[in-house]
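The structure displayed is predicted, hence computed values, not measured ones. Reckoned from all heavy atoms, side chains included, excluding hydrogens, waters and symmetry mates.
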2 protein chains.
Amino acid sequence: MLDAAVRVFSRRGFHAANMDEIAELSGVSKPMVYAYHGTKEELFLACLRRESERMMTGIIDAADGSLPPDEQLWRGLRSFFEFVGAHRDGWSVLYRQARSLEPFAGELAGMRRAIVQVIAHRLDVALQHEGRQVRAEDLTSMALSLVGASESLADWLASHPQEDPGRTATRLMNAVWLGAARLLEGETWRPAS
Amino acid sequence: MLDAAVRVFSRRGFHAANMDEIAELSGVSKPMVYAYHGTKEELFLACLRRESERMMTGIIDAADGSLPPDEQLWRGLRSFFEFVGAHRDGWSVLYRQARSLEPFAGELAGMRRAIVQVIAHRLDVALQHEGRQVRAEDLTSMALSLVGASESLADWLASHPQEDPGRTATRLMNAVWLGAARLLEGETWRPAS
DNA sequence: GCGTAAGGTTACGCGTGAGTAAGTTTCGAA
DNA sequence: TTCGAAACTTACTCACGCGTAACCTTACGC
């Protein structure tokens, strides 16, 4: 029943989705949907919570803290892309719908900030381990870039069903990790003008 | 009048925005809005077109093709972040609202694909100039990552008014360009497992 | 067999907001 | 001074879709 809701919300968007369609796709009548999940907002929130928990637990379990930093990062990314590949509709609800709808945007934004902070912290640990100190704001912007790049590739992956999530994760590692490694060596790029 | 519409759309979202509020903020009555811009969808589209054109012309003008690749990239990025800094509401409409609304998503997605292809092509030129051949799909994923990272930082910038757009652009260059440089030297990251 | 409660459905009330018809003011030309 | 059209407003219609009241039906204890 939540599956039906997630599908309709992802295809139509929160507002354009109507409860009758969700009910029909669930194979029950509308008052049943209300009986089980309350109002439309509550139903949407239930979808949101389920999908975000599925995603987060996968990532957290994958990125075991005892592994080396690059391995941690890679496993986290792979888990993320696997979630997107397996739950395209869920991803669409989390990323496209919830982020722009006022009652829900805050919750999602908070979750995203938490992820960014976790990644920034891991980067910090990795860099300190190599004896380098990096400003907090630079760490944050690196983490933000990484998350944004992941989201972008995730969206691409969601519309390319034949693609392998692991391959996508590897591509991103290549594009990002090596840049981080350079920074780690003290190299920086500066504008000429 | 479009300014008022952009503001309301960005704050409330397309559906929650109502024409009465837009009319009131414009300082005219509702039928006037309809007289000048047709239906709500047409009004939104007008906002979309204006904001996207502002953004695109800025970026295209900045990234003059005769400059060296890194300088081109940096100027394009700086122009993009300057747009976001100066037109937060416009950015919000383009990025948060339009992408998730069915009648408009296609147009925006097409524009974004075009940007990704342009960047991928520029990267290709830069790499070939250094004598390296890279698979088309790798170029695309690098460009997608770059665009996603830019969007992510743009969103962060939009909620940090005191921040300097140029600084944000420089940070992104540091995080991304150096990674590309490594790839350029033939180095790649591979999963251990 | 018969009351009753759990688990449904059908059919409606009602607010909201897009879009408009009809009326009003402003202002320039004759 | 009057006519008329352009520019604008007030006050409405009407569809849509959330949420619910009222009505069925199946199954189980007594």
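In this structure, the nucleotide among dC18(D), dT9(C), dT10(D) sitting nearest to the side chain of S29(A) is dT9(C).
Rounding to whole angstrom units, OH of residue Y34(A) and P of dG17(D) are separated by 12 Å. We find that CD of E24(B) is positioned 11 Å from P of dT10(D), with the value rounded to whole Å. Taking atom CZ of R12(B) as the reference point, atom P of dG17(C) lies 11 Å away to the nearest angstrom. Between H15(A) atom NE2 and dA15(D) atom P the separation is 23 Å, expressed in whole Å. Look at CG on L43(A): it is 10 Å from P on dG19(D), rounded to the nearest Å. Distance E42(B) CD to dA18(C) C1': 13 Å, rounded to the nearest Å. If you take NZ of K30(A) and P of dA21(D), they are 13 Å apart, rounded to a whole angstrom. If you measure from atom CG of N18(B) to atom P of dT16(C), you get 11 Å, rounded to the nearest angstrom.
Looking at heavy atoms from C-beta onward, E102(B) lies out of side-chain contact with R11(A) at the 4.5 angstrom threshold.
In this pair, F9(A) and F44(A) present their aromatic rings perpendicular. The plane angle is above 60°, beyond the 30 to 60° band.
Counting non-hydrogen atoms under 4.0 angstrom, A17(A) reaches the backbone sugars and phosphates but no base. Residue-level contact check: M19(B) touches the backbone only, with heavy atoms under 4.0 Å from sugar-phosphate atoms and none from bases.
Looking at R49(B), its side chain never comes within 3.5 Å of a backbone N or O of A46(B) through a donor-acceptor pair.
Here the closest heavy-atom approach between residue D89(B) and residue S10(B) is recorded as OD1-OG, 3.2 Å.
A donor-acceptor contact under 3.5 Å is not formed by the side chain of K40(A) with the base of dG17(D).
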